Amino acid sequence: MTKNSLGLTAADAAAELRTIRDLIRYGVSRFNEADIDYGHGTSNAFDEAVFMVLEGLNLPIDQLEPYLDARLTTAERQKVAGLLHARVETRKPASYLLNKAYIQGIPFYVDERVIVPRSYIGEILFSGLIGGDDGGDDDVDDFTLVEDPTAVERVLDLCTGSGCLAILAARIFPEAQVDAVDLSADALEVAKRNVADSGYEDRITLHQGDLFAPLKNRKYDVIITNPPYVDADAMANLPPEFRHEPAMALASGEDGLDIVRRILKEAPKHLTPEGGLLCEFGTGREILEAEYPNLDFFWVETANSFGEVFWLTRDQLKAGGK
Ligand SMILES: C[S@@+](CC[C@H](N)C(=O)[O-])C[C@H]1O[C@@H](n2cnc3c(N)ncnc32)[C@H](O)[C@@H]1O
């Protein structure tokens, strides 16, 4: 068994630690000591340890307080200490060790065939930008991308990976049929499992292929996409956690925008007259603005990003695209 810098194995730690609080504290100490990287649902050692301990014990991940001082059985302590040690030793994202990731509180099965879901589009779909009510002053008209979600009949999720955004779209657009495309047969196996678990099997259709190729001439009211967008320099310097993810889910040419350019070119043909494209693309905003001076991008803000997602209507794409 592998020992950490204190000479402790996971079994040694499990024998001494008693409570959930103990295990979280131990996880934070080990993560800080090993200087691991975050970015797969959490951004710091405490949140990572809380997620791993609660999820590892099948407890609700948003309810720490009632359980903090609960003592654990020996088997539970061994399981959780094993997970915390594995996180440091393998540098795998916690979601791969637990086969679980959450977007907007909704759980998805994940393994190393797909990236760990973390798209900003999840938050946007659940915001006032879809459907109109931002919770603010009712005298002010709320700005919306899609005014009436119930009027949306067809949605496309390009580059679907685990199927997470297609499933969220099926919730937000209750009358819509959702097509979801990925080039990776492996990813689609994971998506198939999540779609089955979601209960939306009758409304989500998975397709294997290169971007729009499997869709023939089909048109959509809304296209959402979180395509690969990591540039070559960042790919060469990925922290170990991100190297466990499929490279084809991340890499997209020298400046990271190869696939985004293809989407901008092909999307207008696949949008209805009132349709629009919601695309996450990372940090290449300046490049896009310089390359498409006539495209009237609407940069969508989220809690943790500004200018990493754009919205364009079909008319804007037609008027300003290449
Ligand atoms: C950044 S991941 C996004 C996955 C998922 N939508 C999410 O937000 O978690 C990008 C996905 O695009 C897929 N992909 C890469 N190139 C593709 C292509 N040319 N056509 C379709 N899918 C592609 C990858 O397999 C990967 O699953």
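Both counts, for ligands and for their atoms, begin at 1 and track the order of listing. No experiment lies behind these values; they were computed from the predicted model shown.
Taking 4.0 Å as the cut-off, G209 counts as a neighbour of ligand 1 on heavy-atom distance. Every heavy atom of V114 sits 4.0 Å or more from the atoms of ligand 1.
The nearest protein atom to atom 20 (N) of ligand 1, hydrogens excluded, is given as L211 N, 2.9 Å; this is a heavy-atom distance. Looking only at heavy atoms of the protein, atom 22 (N) of ligand 1 is closest to L183 N, 3.1 Å. Distance from atom 12 (O) of ligand 1 to its nearest protein heavy atom, with residue and atom name: C159 CB, 3.1 Å. Nearest protein neighbour of atom 5 (C) of ligand 1, counting heavy atoms only, is T160 O, 3.3 Å. Given atom 15 (C) of ligand 1, the protein heavy atom at minimum distance is M248 O, 3.3 Å. Remark: minimum distance from atom 24 (C) of ligand 1 to any protein heavy atom is reached at D182 OD1, 3.4 Å.
The parts of A249 lying near ligand 1 are both backbone and side chain, judged by heavy-atom distances below 4.0 Å. In I259, the part holding a heavy atom less than 4.0 Å from any atom of ligand 1 is the side chain. Under 4.0 angstrom from ligand 1, the non-hydrogen atoms of C164 all belong to its side chain.
Between Y102 and F51, the ring-plane angle classifies as perpendicular under the 30° and 60° cut-offs.
Taking 4.0 Å as the cut-off between side-chain N and carboxylate O, D22 and R77 do not count as a salt-bridged pair. The pair D255-R261 counts as a salt bridge, with a side-chain nitrogen and a carboxylate oxygen less than 4.0 angstrom apart. Ion pairing between a basic and an acidic side chain is recognised when a charged N comes within 4.0 Å of a carboxylate O; K79 and E76 show no such pairing. In this structure, R203 does not pair ionically with E175, as no charged nitrogen and carboxylate oxygen lie closer than 4.0 Å. Using a cut-off of 4.0 Å between Lys/Arg side-chain N and Asp/Glu carboxylate O, D221 and R154 are scored as not salt-bridged. A salt bridge links R285 with E289: the distance from a Lys NZ or Arg NE/NH1/NH2 to an Asp or Glu carboxylate oxygen falls below 4.0 Å.
Test E245, E241, E112 against K92 for salt bridge (charged side-chain N to carboxylate O under 4.0 Å, His left out) and you get one pass: E112.
Close N/O approach between N226 and ligand 1 is found [any backbone or side-chain N/O within under 3.5 Å]. For a threshold of 3.5 Å applied to N or O pairs, the pair formed by D210 and ligand 1 contains at least one separation below that value. The N/O atoms of I115, backbone and side chain alike, include none that comes under 3.5 Å of an N/O atom in ligand 1. Any N or O atom pair closer than 3.5 Å counts here, and S119 shares no such pair with ligand 1.
Between the E123 side chain and the A303 main chain, a donor and an acceptor come within less than 3.5 Å of each other. Using modelled atom types, one side-chain atom of H244 and one backbone atom of T90 make a donor-acceptor pair closer than 3.5 Å.
Listed by number with element, the atoms of ligand 1 under 4.0 angstrom from any heavy atom of S184 are 25 (O). Near G161, meaning under 4.0 Å from one of its heavy atoms, ligand 1 places the atoms 4 (C), 27 (O). Of all atoms in ligand 1, numbered sequentially from 1 with element shown, those under 4.0 Å from a heavy atom of P117 are 9 (O).
The ring of F31 has its center no closer than 6.0 angstrom to the ring center of Y26.
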